[in-house]
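Chain naming here is simple, since letters A, B, ... match the order of the sequence lines and numbering starts at 1 in each.
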Amino acid sequence: MKPNWVYIKDFKDHVGELIEFRGWVWNKRSSGKIAFLQLRDGTGFVQGVAEKKDFDDETFEKIRKIKMETSVILRGIVRKDERSPLNVELSINYIEIVHEPKEDYPISKKEHGIDFLMENRHIWIRSRRQFHILKIRNEVIKAIRDFFNENDFVLIDTPIFTGSIGESAGNTFELDYFDYGKVYLAQTGQLYLEAACMAFGKVFNLGPTFRAEKSKTRRHLIEFWMNEAEVAFYRHEENIKLQESLVYYIVNRVLENCEEDLREIGRDVDKLQKVSLPFERIAYTDAVKFLNKKGFDIEFGDDFGADEETAIASQFEKPVFVEKYPRKIKAFYMQPCEENPEVVMCDDLLAPEGYGEIIGGSERIWDEDLLIERLLECNLPVEEYEWYLDLRKYGSVPHSGFGLGVERTIAWICGLEHIREAIPFPRTLYRVYP
RNA sequence: UCCGGGUUAGCUCAGCGGUAGAGCGGGUGGCUGUUAACCACUAGGUCGGGGGUUCGAAUCCCUCACCCGGAGCCA
């Protein structure tokens, strides 16, 4: 009888059994009479052992000389073995080569430069470190969906093609849309979520966004995933609470389900375990005072750069909200503060360890006249915002929302040096291949 | 876009005015428990493109292309 196909993640439940393995050989070591095949199958990594005595000469020679990334079907006994790093290994007694590479596999066990790795991203994702990072990404995205589902939010998929509205003009990708004229790739789904929250109360989205910014740093992607939420009747305080609960939930889900992945990539798990509710909070004006004390040449009305953000965040072991920024340096739609209209009811959430802003949120202006005034102040074409202004005409209510940068969150949770490893196929300033 | 750094063997890099090097990977052989396995032998290069200086350029200068790091902007 043909043995059952078992995935590596389930090997521990099949000790002593004859099973079938389907996957790839990612490395091998061989001596004269024993060969060690390092195997992977998409659920994990395990070592296979083939002894000469179990094969005819020709087959054993084939095993000894097997090329990296050969795809194989193997059969053998799963054994508990203290000498093996995972405590289980596969004692092979049958091999079927599905496909043997004609050329040597480009990614070797030694070091590679980032240009070479990015050029080979389509196969780099087979490597252990990338595998674990992308598994964590998978968990982060699952956690986001679960959080909103458990809290009665409705998923609203906002469009990728949009008209010429958004937070800021200049940074959009422009495309021809048949005879209609120009359309733009979405920089945000916020304005659509604002419309949807007036229909469904609590809404969220999760999808790619595009910024034609010539940003070239370890925190920027041209195409990145954003998770946005918008809630009718929520004010600043409720908005903040929602944000911190979400981030707390994500971190805990990763700790719960991906601790092994975190350890495999060398992440200091203790640092993530220190993340607790509530998060720290600091008002923009106090942040400026703090920065002045630290020697930064900055005054009310200046925005914070990377160094300033890092200085603020590095005081804390968990994320910190910076709230109530000056109206002048923030987007047109943010609701001014009642006590001081020079600042708006907004917040940025800064991740610890210098990872910078992972969330930007605010209370939205819900009065039509004030919104028009702000559009004009920001030199935005009021006529393009007609449908957005409509939302303030029919039963307008205060509402608040935010956007979470998915890759920045992953980069922080994984402790990555660069955001490009947080997405399967990154689009950066000078790279769209593969 | 600006400021730095870089482009030499399949990969990672050294060489920085006098005939092109190492480690890894590849090939061949050896080894019964290896863990980026090890040991021996071996093949492999228009030194990113173009132009210039020089008796002589991978090396110095100019230029173009591409990549990397950072800034601004932002998630």
Side-chain angles (χ1 to χ4, degrees), chain A residues 26-38 45-54 60-61 64-65 67-68 79 81-86 89 91 101 103-120 127-129 166-172 186-190 208-228 243 247 302-309 329-331 347-351 355-361 402-412 417-420 422-423 428-431 433:
Chain A
W26 68 272
N27 191 16
K28 63 133 202 280
R29 282 177 282 279
S30 68
S31 328
K33 287 169 183 157
I34 188 163
F36 301 96
L37 303 184
Q38 309 304 321
F45 300 84
V46 78
Q47 173 163 271
V49 185
E51 295 186 60
K52 192 173 192 318
K53 63 178 170 55
D54 298 325
F60 190 72
E61 259 321 279
R64 252 171 41 86
K65 297 200 169 152
K67 284 196 156 120
M68 276 173 75
R79 290 195 198 286
D81 196 312
E82 295 305 316
R83 293 169 295 187
S84 172
L86 290 176
E89 57 182 29
S91 189
E103 292 170 42
D104 294 323
Y105 188 62
I107 298 180
S108 72
K109 288 164 276 181
K110 278 274 180 168
E111 259 176 66
H112 293 288
I114 191 61
D115 183 32
F116 178 79
L117 290 170
M118 292 299 287
E119 200 71 16
N120 287 286
S127 302
R128 287 188 85 142
R129 184 179 160 78
E167 316 195 7
S168 48
N171 304 333
T172 47
Q187 296 180 303
T188 169
Q190 181 199 314
T209 48
F210 309 86
R211 305 260 167 112
E213 292 161 4
K214 295 219 160 178
S215 303
K216 196 172 156 16
T217 80
R218 68 183 64 195
R219 297 183 311 283
H220 285 88
L221 291 167
I222 303 302
E223 175 182 327
F224 69 98
W225 278 56
M226 190 149 68
N227 161 229
E228 295 172 286
Q243 292 168 43
V247 172
D302 293 340
D303 207 353
F304 300 148
D307 290 347
E308 286 85 358
E309 281 186 358
I329 54 170
K330 286 292 174 181
D347 65 88
D348 283 0
L349 182 64
L350 309 182
Y355 281 92
E357 186 183 347
I358 57 172
I359 284 182
F402 64 89
L404 170 120
V406 172
E407 286 78 15
R408 283 195 187 170
T409 304
I410 295 165
W412 161 53
E417 298 231 326
H418 198 296
I419 195 170
R420 65 186 157 219
I423 186 166
T428 55
L429 191 46
Y430 296 117
R431 184 177 292 282
Y433 177 94

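- With hydrogens and angles ignored, a donor-acceptor pair closer than 3.5 Å exists between the side chain of A:Gln47 and the base of B:U34.
- Nucleotide B:C66 holds its P atom 17 Å from the CE atom of A:Met118, rounded to whole Å.
- As rounded to the nearest Å, B:U59 and B:G51 have P atoms that lie 14 Å from one another.
- Across B:G26, B:C68, B:U34, the shortest atom-to-atom separation from the side chain of A:Gln38 is found for B:U34.
- Contacts of A:Gly305 with the nucleic acid, taken as non-hydrogen atoms under 4.0 Å apart, involve only primed sugar atoms and P, OP1 or OP2.
- Atom OH in A:Tyr355 sits about 22 Å away from atom P in B:C74, given to the nearest Å.
- A gap of 40 Å separates the P atoms of B:G25 and B:C62, to the nearest Å.
- For the residue pair A:Asp115 and A:Arg431, the shortest heavy atom distance occurs at OD1-NH2, 2.7 Å.
- Closest non-hydrogen pair, A:Tyr355 versus A:Ala411, comes out as CE2-O, 3.5 Å.
- Atoms CG (A:Asn27) and C1' (B:C24) sit 13 Å apart, rounded to a whole Å.
- Counting distance only, with no hydrogens placed and no angle test, the side-chain atoms of A:His220 and the base atoms of B:C74 include a donor-acceptor pair under 3.5 Å.
- Taking only side-chain atoms of A:Arg218, from C-beta outward, the nucleotide of B:G26, B:G69, B:C73 with the closest atom is B:G69.
- Residue A:Lys52 is classed as having no contact, given no heavy-atom separation below 4.0 Å to the nucleic acid.
- Nearest nucleotide to the side chain of A:Asp104, out of B:G26, B:A71, B:C67: B:G26.
- Across the P atoms, B:A36 and B:G26 are found 16 Å apart, a figure rounded to whole Å.
- Remark: the backbone N or O of A:Arg420 is not paired with any side-chain donor or acceptor of A:Glu407 at under 3.5 angstrom.
- The side chain of A:Glu51 sits closest to B:U32 out of B:U32, B:G72, B:C68.
- Between A:Glu119 and A:Tyr433, the shortest heavy-atom contact is O-CE2, 3.6 Å.
- Distance check: A:Met226 CE to A:Gln187 CD gives 9.0 Å after rounding to the nearest 0.5 Å.
- Rounded to whole Å, the distance from CH2 on A:Trp225 to C1' on B:C74 is 20 Å.
- Taking atom C1' in both B:C38 and B:U54, one finds a spacing of 49 Å when rounded to whole Å.
- B:C67 and B:G48 have their C1' atoms separated by 11 Å, given to the nearest Å.
- For B:A40, the paired nucleotide is B:U28, the pair qualifying as Watson-Crick or G-U wobble because both relevant distances are below 3.5 Å.
- Residue A:Ala306 is in sugar-phosphate contact alone, with no base atom involved, counting any heavy-atom pair closer than 4.0 Å across all strands shown.
- The nucleotide whose nearest atom lies closest to any side-chain atom of A:His418 is, among B:U32, B:G69, B:C67, B:G69.
- When the nucleotides B:G25, B:A71, B:G33 are ranked by their closest atom to the side chain of A:Lys216, B:A71 comes out on top.
- A side chain to side chain contact (heavy atoms under 4.5 Å, CB included) with A:Ile419 is found for one member of A:Leu221, A:Thr428, A:Ile410 and no other, namely A:Leu221.
- Rounded to a whole Å, the CG atom of A:Asn120 is 14 Å from the C1' atom of B:U12.
- Residue-to-nucleotide contacts include a donor-acceptor pair under 3.5 Å from the side chain of A:Glu89 to the base of B:G33.
- In this entry the distance linking OH of A:Tyr430 with C1' of B:A65 reads 12 Å, nearest Å.
- Taking atom CG on A:Asp302 and atom C1' on B:A71, their separation rounds to 16 Å, with Å as the unit.
- Put simply, the side chain of A:Arg408 and the base of B:C74 share a donor and an acceptor less than 3.5 Å apart.
- Taking the P atoms as reference points, B:C11 lies 14 Å from B:G45, given to the whole Å.
- Of the candidate nucleotides B:A75, B:A71, B:U32, B:A75 has the atom lying nearest to any side-chain atom of A:Glu357.
- For the P atoms, the distance linking B:A58 with B:A20 amounts to 8 Å, nearest Å.
- Looking at heavy-atom distances under 4.0 Å, A:Thr409 makes no contact with the nucleic acid at all.
- The gap from the P atom of B:G69 to that of B:U12 amounts to 14 Å, rounded to the nearest Å.
- A distance cut-off of 5.5 Å between ring centres, combined with a plane angle under 30°, leaves A:Phe36 outside any stacking arrangement with the base of B:G33.
- Base pairing of B:G23 is made with B:C11, judged by Watson-Crick or G-U wobble geometry with both donor-acceptor distances under 3.5 Å.
- Using a 4.0 Å heavy-atom criterion, one finds that A:Leu221 contacts the bases of the nucleic acid, with or without backbone contacts as well.
- A 3.5 Å limit on both hydrogen-bonding distances identifies B:C68 as the Watson-Crick or G-U partner of B:G4.
- Shown here for A:Gly32 and A:Arg64, the closest heavy-atom pair between the two residues is O-CD, 3.9 Å.
- Going from atom CG of A:Leu117 over to atom P of B:U12 covers 8 Å, rounded to whole Å.
- Within 4.0 Å (heavy atoms only), A:Asp348 reaches no atom of the nucleic acid at all.
- For A:Asp347 and A:Gln243, the side-chain atoms include at least one donor-acceptor pair closer than 3.5 Å.
- Between A:Lys65 and B:G29 there is a side-chain polar atom (N or O) within less than 4.0 angstrom of OP1 or OP2.
- Residues A:Ser31 and A:Ile329 both approach RNA chain B. Their nearest nucleotides, taken by heavy-atom distance, put A:Ser31 toward the 5′ side.
- Interface remark: the A:Ser215 side chain does form a donor-acceptor pair with the B:C73 base, using a distance-only criterion of under 3.5 Å.
- Residue A:Arg219 has its side chain nearest to B:A71 when only B:A75, B:U12, B:A71 are considered.
- For A:Arg211, the listed nucleotide lying nearest its side chain is B:A75; candidates were B:U32, B:G72, B:A75.
- The pair A:Glu103-A:Lys67 fails the salt-bridge criterion, with no side-chain N (NZ, NE, NH1 or NH2) lying under 4.0 Å from an Asp/Glu carboxylate O.
- Residue whose closest nucleotide on RNA chain B sits further toward the 5' end, between A:Phe116 and A:Glu407: A:Phe116.
- For A:Arg420, a side-chain nitrogen or oxygen approaches OP1 or OP2 of B:G69 to under 4.0 Å.
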